[in-house]
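Notes for the one structure printed next.
All heavy atoms count here, side chains included; hydrogens, waters and symmetry mates do not. We name chains A, B, ... by the order of the sequence lines, and we start the count at 1 in each one.
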There are 2 protein chains.
Amino acid sequence: MNEKNYTIKDIARMANVSRGTVDRVIHGRGKVSKSTYEKVRLILDKLNYQPNLVAQTLRKGEVCRLAVLLPDFKFDIFWKRPINGIDTAIKDYASIGVRVDKFLFNPLRASSFRKNAKSILEDGYDGILVAPNLYRESVEFFRECDKIGLPYVTFNTYIENTNALGHIGQDLEQSGKTAASLMTKLLPGPEELMVVHVEESLENARHMQEKESGFKQFYEERNSGGVRIHVLKTDNLKKIKKTFLQVLKTNPGIGGIYVSTSKVYIIAQILEKHSISSFLIGYDLLDENIRYLKSGHIDFLIYQNPGIQSNLGISCLVDHLLFKADIAKKKLLPIEIVIRENIENYLQ
Amino acid sequence: MNEKNYTIKDIARMANVSRGTVDRVIHGRGKVSKSTYEKVRLILDKLNYQPNLVAQTLRKGEVCRLAVLLPDFKFDIFWKRPINGIDTAIKDYASIGVRVDKFLFNPLRASSFRKNAKSILEDGYDGILVAPNLYRESVEFFRECDKIGLPYVTFNTYIENTNALGHIGQDLEQSGKTAASLMTKLLPGPEELMVVHVEESLENARHMQEKESGFKQFYEERNSGGVRIHVLKTDNLKKIKKTFLQVLKTNPGIGGIYVSTSKVYIIAQILEKHSISSFLIGYDLLDENIRYLKSGHIDFLIYQNPGIQSNLGISCLVDHLLFKADIAKKKLLPIEIVIRENIENYLQ
DNA sequence: AAAAACTAAGTTCTCGTGCACATTTCTATT
DNA sequence: AATAGAAATGTGCACGAGAACTTAGTTTTT
């Protein structure tokens, strides 16, 4: 019950050797006779010796240095929350001696990515968390990392065939499927539905596509042949109202709308204004969205906490570097289903 | 950007005093002249000195000792997961010098609670996490704690008018409301519903009641006058099938069933066997429940991770004791809505 | 005026780890 | 047997905080 935490000193005393010898055994630094090695090893194993992480951290000062390479939210607001999440993670990990430096690149300029990547490679970091949304440059960067054995974790955008330690991201397809499943719960019969993409960021172009694909896939897998899905895509916030209403008018059978982005409140607004009754599912806990969820104009919000994503990314590297833990290749974020009654959990 | 973390030594050098003096200023231990005090204080404030938590922990060895007083899961399986959660928390906090000891009592015997409570009081702990499900004994225990200024956090069962530092628990009423809200999404019209309580543990008797109350409240608040709710309560697993089928037969209009416990798979089983089609909402990610969720016999599962609950409980005490943080009086657990498409997030 | 009491400050030790350096022990060669 | 050289093992210090202990200087007491 009352487990004592054995120290190197304890082990040394029990094995009748000095601390230095125990230390050498623990770290396999050699220069220990075979018999001594085995004697110490046995005691170590029997007592299940765990080094005192606190002392270790104190001694080492900075345990490891991580670099984070993400798009600057100045150019793409999408990245604001992941970056805030990183800031939180930085504080959390500072106490155990992990230092994290941020490198933010302009996602419109390959040169900006290259420049930051170069700095990272030159600065001798121990691990990197990177959003590889510039494909060619990222692959090039990964080659460099592989060359010098620098571990990296990919973030948000998944790239095949890399030696990444892991990937942290949203499961967009599954997210679309979740939306579709919720939709059929609202509208069990064969129905006419609409998928609306309200472009909000560069990053999201690809995301929206995958969500739509997941949404459709759900119905294909179910063989719900009777379902008709209309897709509306726009990046012009001014035009959207007109186009949207037109699609609705042309297809009066549409009973459910799935908005693939956090801009779902725009659709809710239109529905409210024109007193159109339709089921509505969208993303994220923006204040406007919450208002419409509470008023009943939005039926479900799906939430994938980007803050958690950042934290997972850092912890993934730390686990590998510090605790030598085997980490899951792909860590995906929870897809949270939010309604009026359980929203409180997700606010703060 | 590149904030250096100043140490006592740095401060001492800048103020031209010794480390001891700085230490005295920091901890207000007196024996420092006014002029020196102010000189040091000024530098401290200007540099926003934060003591190195790692060194502090190392020095102090054990930072604090916490006791956890819960029912033994040998007598009530309900407590298995919270206790597992505690075990996880114990490991997590060990690294920062927090020691947690478990005291498990027999929830059927007041004497068992008393005996454990006495041990805790005598052993000089710094804080206590307690499940006060034996009312009279708990109140008595809290009086003792108050007397010696021992902080405690209540867990799972809420007791009014205590000086508890906080309470960690499920929001049962809200949980019932969530179920009701999901039900209306499945069954929008005025309907006939059933609430089934399948008693599974002592603890749950009260829980079930609150969930039912929340479920009904949802409809009252909405003024859905047309809804009829039948309640079935049983602790006899053998009889349940018969009674349940009888209620269904007598009230053929019932279109939705809300099971207030994790035993929802029993109902699903009956529905499946008799090919009864009805919407079904229940609790927890038991293997059987997951199977029925995947097969479509269960429509929604609600999940309130008891492991998280334990962790929150410990962190609540640690925040208070170590970081002197103001903690929220009531911390409630997320109410997670689980369907086939997002279940993966919650498994492991 | 010397001893005692007190104040303000400095010094040293501890916590457990990890590494550099010092010392001992063993082996091989002359 | 003496000794170099390697191999094995021991020791000391630093990391930063914190508290006990020590010292220097001042005031009070007898």
Side-chain angles (χ1 to χ4, degrees), chain A residues 3-41 43-44 47-65 94-99 126 321-324, chain B residues 3-41 43-44 47-65 94-99 322-324:
Chain A
E3 276 181 49
K4 186 188 183 317
N5 261 333
Y6 294 98
T7 71
I8 284 196
K9 225 157 92 185
D10 295 325
I11 308 286
R13 192 169 0 93
M14 289 182 221
N16 277 318
V17 296
S18 72
R19 293 175 350 225
T21 304
V22 177
D23 183 60
R24 276 182 284 267
V25 172
I26 290 169
H27 296 92
R29 263 197 278 279
K31 312 209 171 180
V32 180
S33 72
K34 205 178 163 196
S35 66
T36 310
Y37 183 92
E38 274 162 10
K39 182 173 60 174
V40 174
R41 189 72 258 172
I43 297 177
L44 241 28
L47 301 183
N48 185 31
Y49 168 79
Q50 295 292 120
N52 182 324
L53 215 92
V54 177
Q56 219 168 39
T57 307
L58 176 62
R59 171 69 229 269
K60 290 196 194 162
E62 223 164 69
V63 173
C64 72
R65 281 178 18 133
S95 68
I96 60 163
V98 175
R99 182 171 136 195
D126 302 307
L321 290 167
L322 258 60
F323 306 112
K324 275 111 189 106
Chain B
E3 277 181 47
K4 185 188 184 319
N5 263 334
Y6 294 98
T7 70
I8 281 199
K9 224 157 94 185
D10 295 326
I11 308 285
R13 191 169 1 90
M14 289 182 219
N16 277 318
V17 296
S18 72
R19 284 172 302 156
T21 304
V22 177
D23 184 60
R24 276 182 285 267
V25 171
I26 290 169
H27 296 91
R29 261 199 280 280
K31 311 208 172 182
V32 181
S33 72
K34 205 177 162 194
S35 65
T36 310
Y37 182 92
E38 275 162 8
K39 182 173 61 179
V40 175
R41 189 72 257 173
I43 297 177
L44 240 29
L47 302 182
N48 186 29
Y49 168 79
Q50 295 292 120
N52 181 324
L53 215 90
V54 177
Q56 219 169 36
T57 306
L58 176 63
R59 171 75 229 276
K60 290 195 191 160
E62 222 164 71
V63 172
C64 72
R65 282 179 14 135
S95 68
I96 61 163
V98 174
R99 181 171 138 197
L322 258 61
F323 307 112
K324 275 115 189 103

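Close to C/dA9, at under 4.0 Å from its OP1 or OP2, lies a side-chain N or O of B/T36. In this model, the phosphate group of D/dG16 is not approached by any side-chain N or O of B/T7 to a distance below 4.0 Å at OP1 or OP2. For B/S33, a side-chain nitrogen or oxygen approaches OP1 or OP2 of C/dA9 to under 4.0 Å. An OP1 or OP2 oxygen of C/dG10 is reached within less than 4.0 angstrom by a side-chain nitrogen or oxygen of B/T21.
Just one of B/L44, B/D23, B/V25, B/N52 meets the side-chain contact (heavy atoms from CB on, under 4.5 Å) condition when paired with B/I8; it is B/D23.
Within the nucleic acid shown, A/G61 has no heavy atom closer than 4.0 Å to any nucleic acid atom. Contacts of B/Y49 with the nucleic acid, taken as non-hydrogen atoms under 4.0 Å apart, involve only primed sugar atoms and P, OP1 or OP2.
The residue among A/I26 and A/K9 whose nearest nucleotide of DNA chain C lies closer to the 5′ end is A/K9. When each of B/L58 and B/R24 is assigned the nucleotide of DNA chain D with its nearest heavy atom, B/L58 is the one assigned upstream, toward the 5' end. Place B/S18 and A/G20 on DNA chain C by their nearest nucleotides, and B/S18 ends up nearer the 5' end.
The A/R29 side chain lies nearest to C/dC19 when the options are C/dC19, D/dC15, D/dA17. For B/V17, the side-chain atoms get nearest to C/dG10 when compared with the rest of C/dT17, C/dG10, D/dT9.
Nucleotide C/dC15 holds its P atom 18 Å from the CD atom of A/Q56, rounded to whole Å. Straight-line distance from the CG atom of B/L47 to the P atom of D/dG16: 15 Å, rounded to whole Å. The CG atom of B/L44 sits 13 Å away from the C1' atom of D/dA17 (whole-angstrom rounding). Nucleotide C/dC15 holds its C1' atom 12 Å from the CZ atom of A/R19, rounded to whole Å. As rounded to whole Å, 14 Å separates atom P of D/dA19 from atom NZ of B/K31. The separation between B/K60 atom NZ and D/dC15 atom P is 21 Å, rounded to whole Å. When rounded to the nearest whole Å, the span between NZ of B/K34 and P of C/dT7 equals 17 Å. The separation between A/Y37 atom OH and D/dA8 atom P is 13 Å, rounded to whole Å.
On a pure distance criterion of 3.5 Å, no polar donor-acceptor pair joins the side chain of A/R59 and the base of D/dG16.
Taking the side chain as every heavy atom from C-beta outward, A/Y6 and A/I43 never approach each other to under 4.5 Å.
Using modelled atom types, one side-chain atom of A/K39 and one backbone atom of A/A15 make a donor-acceptor pair closer than 3.5 Å.
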One pair to check against side chain to side chain contact (heavy atoms under 4.5 Å, CB included): B/I26 and B/Y49. What are the steps and the verdict? CA-CA 9 Å; B/I26 290 169; B/Y49 168 79; 3.4 Å; yes
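One distance of note links NZ of B/K34 with CZ of B/R41; it measures 15.0 Å at 0.5 Å rounding.
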